[in-house]
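These notes are about the structure you will find just below.
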Amino acid sequence: MSQGSSQPSRPHRVAVIVDEGTNPFEVGCATELFGLPRPELGLPGPLYEVTLCAPNPGIRMNHGFFTLTDVPGLDAVDDADTLVVPGRPDNVVPRVPAVLDAIRRTHARGARVVSLCTGSFALAEAGLLDGRRAATHWLWAQSFRRLHPRVLLEPDVLFVDDGDVLTAAGSAAALDLGLHLSRRDHGAEIANAVSRRLVFAAHRDGGQRQFVERPVPDVPDESLAPLLAWVQERLSEPLTVTDLAARAAVSPATLHRRFRAQLGTTPLAWLTAERVTLARRLIERGEERLDAVAARSGLGTAANLRARLRRETGLSPSAYRRRFGTGAGEAVRA
């Protein structure tokens, strides 16, 4: 897979702070998303370069499951393009000053700062979230509001992208946010390949709810998986919510309830997100004709494609192709 202009001259440097009592799962998510080689992509080099760092060389993880040794010091954050702060369970216990200072100085020099799960408590304690939107695990939303009333907490979403500061909700939402960052940094095609390696959903919008009413359907036939697979093979067709309901042999109202319960979103929002993701991948692969991209992705017209792409990425089709496409420097023909 050719990455074109989105392949950086050097890997994007990611530093992950491991504090006393940090949850191993979020550290694992960060290393899995950003630290593994991706030979299946066929790129000339790695997309990211990951370094763990800590206030002490020996760090005891949550509940003493294990201890990390020989961990580099916090000065490793000074070379990072992105700083990742995983969560820990003792959120009311103040972080050590050295950790808070590392977070503040990383943000002050313009690097991106990301929290996973309750890592948002550390970002708030460092003063990065005052007056800004943020997410955290729903279980700790009440204590977060009590401790940090100036933060605009959004307790039900998977993650919040506020530009240079991004916050994920529960632990599994760390994967959603990580794939979102891959998509933002390297395009939908790369993010989709990473999601396949993870065997994880390629795209769950940050605004989706972070918990669902029925994680496992009461009746196996209520699973949306067969319907989703059927739709993804027919995105070029003029499908409507009524069409999806008919395929699932339920009423539109029942389909809405199942989407809300199982995916935390609406059928139309999910369908539109899938269409935009396909359009992005077509542009990245080199399709220059916007009318053709719009038709194959089911977005209808070039005008609608432009509007949807700009809303999703902040870029026009031509700018998106220059950044992520296989043919860097060539203009997209309208």
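Please read these numbers as outputs of a predicted model, since none were measured by experiment. Along the sequence shown, residues are numbered consecutively beginning with 1.
- Looking at R289 and D291, no side-chain N of the basic residue comes within less than 4.0 Å of a carboxylate O on the acidic one, giving no salt bridge.
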Give the C-alpha distance, both sets of side-chain angles, the deciding distance and a yes or no for side-chain contact (heavy atoms from CB on, under 4.5 Å) between I17 and R95. CA-CA 12 Å; I17 287 184; R95 270 66 179 173; over 6 Å; no
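- When the shell of 6.0 Å around CD of Q232 is examined, it contains more than 12 heavy atoms from other residues, nucleotides or ligands.
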So L33 and V14, side-chain contact (heavy atoms from CB on, under 4.5 Å) or not? Walk me through it. CA-CA 11 Å; L33 286 160; V14 178; over 6 Å; no
Extract all donor-acceptor atom pairs below 3.5 Å that involve side chains of residues 64-75 and protein atoms in other chains or at least two apart in sequence.
none

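- Under a 3.5 Å cut-off, the side chain of E154 and the backbone N or O of V160 do not form any donor-acceptor pair.
- With T106 as the partner, the side-chain contact (heavy atoms from CB on, under 4.5 Å) test is satisfied by one option alone out of L83, V85, T82: L83.
- Results of the salt bridge (Lys or Arg N to Asp or Glu O under 4.0 Å) test with R280 over E287, E312, E274 single out E312 as the only residue that passes.
- For residues 224-241, no residue pair satisfies the salt bridge (Lys or Arg N to Asp or Glu O under 4.0 Å) rule, not counting sequence neighbours.
- Between H186 and Y48, the angle of the ring planes goes over 60°, which puts this pair in the perpendicular group of the 30/60° scheme.
- Between the side chain of R104 and the backbone N or O of A126, at least one donor-acceptor pair lies under 3.5 Å.
- Around atom CZ of R109, more than 12 heavy atoms belonging to other residues, nucleotides or ligands sit under 6.0 Å away.
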Mind running side-chain contact (heavy atoms from CB on, under 4.5 Å) on V151 and F144 for me, showing each step along the way? CA-CA 9 Å; V151 181; F144 187 96; 3.7 Å; yes
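- A donor-acceptor contact shorter than 3.5 Å is absent between the side chain of E189 and the backbone of E284.
- Scored by the side chain to side chain donor-acceptor pair (under 3.5 Å) test, H107 finds D164 as partners (sequence neighbours excluded).
- Under the 3.5 Å distance criterion, the side-chain polar atoms of T167 are matched with a main-chain donor or acceptor of A135.
- Remark: the H12 side chain and the D185 side chain contain no N/O donor-acceptor pair separated by less than 3.5 Å.
- Taking CG of D19 as the start and CG of N62 as the end, the distance is 11.5 Å to the nearest 0.5 Å.
- Contact check for D243 versus R247: no side-chain heavy atoms found under the 4.5 Å cut-off.
- Once rounded to the nearest 0.5 Å, the distance linking CG of L278 with CZ of R296 reads 7.0 Å.
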